[in-house]
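To start, the structure under review is shown below, and the notes come after it.
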Number of protein chains: 2
Amino acid sequence: MVEDSWSPPEVLVTVDLVILTLREARLQVLLVERGVEPYRGARALPGGFLNNAGEDILDAAHRELREEADLDGAQLHLEQLGTYGAPSRDPRGRVISVAYLAIAPGLPEPVAGTDAAEAGWVPVEDLLTGWSKLAFDHRQILTDGVERARSKLEHSALATAFCDGTFTIAELQQVYEAVWGVELDPRNFYRKIQAVPGFVEPAGTDRRTTGGRPARLFRAGPRTVLHPPLVRPGRTTSEGER
Amino acid sequence: MVEDSWSPPEVLVTVDLVILTLREARLQVLLVERGVEPYRGARALPGGFLNNAGEDILDAAHRELREEADLDGAQLHLEQLGTYGAPSRDPRGRVISVAYLAIAPGLPEPVAGTDAAEAGWVPVEDLLTGWSKLAFDHRQILTDGVERARSKLEHSALATAFCDGTFTIAELQQVYEAVWGVELDPRNFYRKIQAVPGFVEPAGTDRRTTGGRPARLFRAGPRTVLHPPLVRPGRTTSEGER
DNA sequence: TGAATAGTGTCTATCAGACACTATGGC
DNA sequence: GCCATAGTGTCTGATAGACACTATTCA
């Protein structure tokens, strides 16, 4: 299959990040404003080229996380999302992008003092329901990242990655409600969470929030795969979804 | 972040395929024997370098499917599995591999007359329970591919991709049993399948197999997402899985 | 007729959702 | 006390698994 005179083409590789968090009870993503061509001035996912030929792709994702969002990848959930390689996706030439999905607990303030010209949290809903433009194929990557998160909430303990070290069941519920875009019954949710062995475990004392009775605190348990799973409500009957 | 004199490193890209099928009621994968260094003589997943800088990655997967397995990707389920980019994974230098998962209906004979020196179906169980070696990080890629298939059987209509155009419910059950490595009750399975709207639809006449009453034929329905899902039995109680 | 598989009916323990109710804080 | 939220109890309709039973072919 390989002729003697043939040699494989070399391509450039970027690593792009879909960093999701919960702010003001809404699912938000970190976007930067591009300072250089192409797509100068447009909003894009944070990311950049591999540093050198010896850099591991996952390491590059950690580096971008630090450089562009001032986040420590070791503390975050970080998983590969997919690789986007349409020949026309980058006007500079053949550039393929390995996308990663990162989940961060709610950061109180927008990221500042970072490398990118402008970086800020944007509600995902505003981006995906409207027709806002993102650079390159980043809208598709974002869509895939959000769908990955929605799906993984059902079968994995991903939701705890949106929370701080300790959290209340109500806070965990907010994660599910924001990511899935549904409302859940707090009482049933409470029991459902605790019916999954190893999902969350108690963490001692109490804390109060708006008004009511103080809530117990929990931390993430050892289990990353949920049995039984938490299934998304709605669509029980037949709909034509692709 | 990019100095004026700096330019991003160029890397080589291969596309590797995890092609799964069902033969003799067992989950099998197509492997080739490498004819060139590195890993000459070792078994590997079929695959190869991008053809030229303008070739789409998915197109390259289709091309490899045709060249190395004589299969038509348009007829098969084909999805991206992930990208493997450890700097040390290929002794030739910086080569990253985009892996694809393909699902094929049971082919009666081993593939012959193809490009690769040797190509043949190997039971997945033999590879993953034993300590058989595969070239590069292909054992990891295979593991990931099998786990992807196992998981997607629960929530998608992937199982029909293992079957011919028309199939019986018993044949579909064999898919689940082989991929999951469990035994299922035929009567409950039968009703469970038909309880999922759009999963399978009737296809006319009958056919008989070993002995018993002839079974109805079905074809894949329009639905690719299963509601309700088919959940894997077993592991209901807490186990420490990763 | 008997063996073998296809397909249906039914029973029961369990579970998910609805929601009444109690507990515990701040005002 | 009143309000708000946390957490528990209970009821009910749906469901998953076990398995008896009927149907239809071949030998």
Side-chain angles (χ1 to χ4, degrees), chain A residues 25 153-155 159 163-164 166-178 180 182-197 199-219 226-238, chain B residues 25 153-155 163 166-178 180 182-197 199-219 226-238:
Chain A
L153 282 199
E154 297 192 275
H155 312 287
C163 299
D164 294 310
T166 58
F167 49 86
T168 68
I169 301 293
E171 285 164 2
L172 196 62
Q173 181 181 343
Q174 283 193 2
V175 173
Y176 278 89
E177 293 185 329
W180 282 349
V182 299
E183 287 206 348
L184 303 171
D185 184 300
R187 295 100 87 191
N188 291 336
F189 184 83
Y190 195 99
R191 271 181 295 104
K192 214 161 173 175
I193 292 302
Q194 295 192 315
V196 183
F199 187 7
V200 299
E201 52 190 26
T205 32
D206 288 3
R207 123 171 97 172
R208 69 205 152 297
T209 37
T210 65
R213 165 179 174 177
R216 291 185 200 149
L217 289 177
F218 296 84
R219 68 170 67 90
L226 305 187
H227 285 288
L230 282 81
V231 282
R232 271 182 271 188
R235 65 253 221 300
T236 38
T237 44
S238 60
Chain B
L153 282 199
E154 297 192 275
H155 313 286
C163 300
T166 60
F167 49 85
T168 68
I169 301 294
E171 285 163 2
L172 196 62
Q173 182 181 342
Q174 282 194 2
V175 173
Y176 278 89
E177 292 185 329
W180 282 350
V182 299
E183 288 206 348
L184 303 171
D185 183 301
R187 295 99 86 190
N188 290 335
F189 184 82
Y190 195 99
R191 270 180 299 101
K192 214 162 174 175
I193 293 301
Q194 296 191 316
V196 184
F199 187 7
V200 300
E201 52 190 27
T205 31
D206 287 3
R207 121 172 99 175
R208 69 202 153 298
T209 37
T210 65
R213 165 178 174 179
R216 290 186 200 147
L217 289 177
F218 295 83
R219 69 171 68 88
L226 304 187
H227 286 287
L230 282 82
V231 282
R232 272 183 270 188
R235 64 247 223 302
T236 39
T237 44
S238 60

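Quick note on labels: first sequence line is chain A, next is B, and so on, each numbered from 1.
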Rounded distance (Å) that lies between atom P of C/dA20 and atom CG of A/Asp185: 11 Å
Separation of D/dT5 atom C1' from A/Gln173 atom CD, nearest Å, is 12 Å
Quick one: does any side-chain atom of A/Tyr190 pair with a main-chain N or O of A/Ile169 as donor and acceptor, under 3.5 Å? no
Hey, what's the ring geometry for B/His155 with A/His155, parallel, tilted or perpendicular (30° and 60° as the breaks)? tilted
For B/Glu177, give me all partners under side chain to side chain donor-acceptor pair (under 3.5 Å), at least two apart in sequence or on another chain. B/Gln173
Only counting residues at least two apart or in another chain, list the ones meeting side chain to side chain donor-acceptor pair (under 3.5 Å) with A/Gln174. none
Return the minimal non-hydrogen interatomic distance between B/Pro228 and B/Val196, and the atom names on each side. O-CG2, 3.6 Å
For nucleotides 6-17 of chain D, just jot down a letter per nucleotide in 5' to 3' order: B, S or -, based on protein non-hydrogen atoms under 4.0 Å. BBBBB------B
